[in-house]
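This report concerns only the one structure given below.
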Amino acid sequence: MAGGWTKDGAVSEQIEASINDELARMRARKVPQGESLTHCADCEEPIPEARRLALPGVKLCIDCVRERDGAFKARGGINRRGSKDSQLK
């Protein structure tokens with residue numbers, strides 16, 4: 001796949017770097033801590049036990065989390081490492 005003056009395995013390295021960046025971003029997200037609430041802090045609806053066990057420290061029900069987070073925000077699918085613009089800098 002890689003050609004020209006690129007070294008062998010350059011494409012694999014780009015893929016690995018992109019995956020590592022995304023994993024680091026996911027690990028840096030805030031994670032609830034402490035004891036889970038039995039009822040949602042916003043709407044007072046009961047939080048299912050399965051959710052409380054899956055996410056220790058959860059404070060909101062699924063509906064309130066979705067409202068708070070807003071619409072799904074897709075991340076751009078452009079690999080900046082492999083773009084010609086990034087190589088010109």
Side-chain angles (χ1 to χ4, degrees):
M1 228 190 223
W5 292 285
T6 60
K7 62 183 179 174
D8 290 339
V11 173
S12 296
E13 288 176 10
Q14 287 178 339
I15 293 169
E16 284 292 321
S18 295
I19 291 170
N20 290 335
D21 288 349
E22 188 64 18
L23 288 173
R25 188 184 72 80
M26 295 296 287
R27 287 184 187 119
R29 289 187 334 191
K30 283 191 198 177
V31 179
Q33 295 179 357
E35 192 172 328
S36 296
L37 297 179
T38 57
H39 290 76
C40 179
D42 284 351
C43 69
E44 300 295 323
E45 289 293 319
I47 299 173
E49 184 178 357
R51 177 168 170 75
R52 288 183 280 139
L53 293 175
L55 295 169
V58 71
K59 308 282 188 240
L60 301 174
C61 67
I62 293 173
D63 292 334
C64 289
V65 169
R66 285 185 184 148
E67 284 180 27
R68 186 174 282 188
D69 289 348
F72 173 74
K73 298 172 189 157
R75 293 176 37 94
I78 298 171
N79 182 353
R80 298 281 181 211
R81 284 190 176 85
S83 71
K84 290 183 179 181
D85 291 340
S86 68
Q87 295 171 7
L88 295 174
K89 292 180 182 176

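Only a predicted model underlies this, so the values are computations on that prediction, with no experimental measurement involved. Start at 1 with the first residue, then count along the sequence.
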Notebook entry, point to check: What is the minimum heavy-atom distance between Cys40 and Cys61, and which atoms define it?
Noted result: SG-N, 3.4 Å

Check: Heavy atoms, side chains only, cut-off 4.5 Å: are Met26 and Leu23 in contact?
Finding: no

Item checked: Heavy-atom neighbours of Glu49 CD exceed 12 at 6.0 Å -> no

Next item on the list: Report yes or no: do Ile47 and Leu55 belong to one cluster of Ile/Leu/Val/Met/Phe/Trp/Tyr joined by side chain heavy-atom distances under 4.5 Å?
Entry: yes

Notebook entry, point to check: If you take all heavy atoms of Pro56 and Ala54, which pair is closest and at what distance?
Noted result: CD-O, 3.5 Å

Notebook entry, point to check: If you group Ile, Leu, Val, Met, Phe, Trp and Tyr by side-chain heavy-atom gaps below 4.5 Å, do Ile62 and Leu53 land in one group?
Noted result: no

Check: Which pair of heavy atoms, one from Arg52 and one from Leu37, lies closest together, and at what distance?
Finding: CD-O, 2.9 Å

Item checked: Side-chain (Lys59) to main-chain (His39) donor-acceptor, under 3.5 angstrom -> no

Check: Are Glu67 and Asp42 side-chain neighbours, meaning at least one heavy-atom pair lies under 4.5 Å?
Finding: no

Notebook entry, point to check: To the nearest 0.5 Å, how far apart are CD in Glu45 and OG1 in Thr38?
Noted result: 12.0 Å

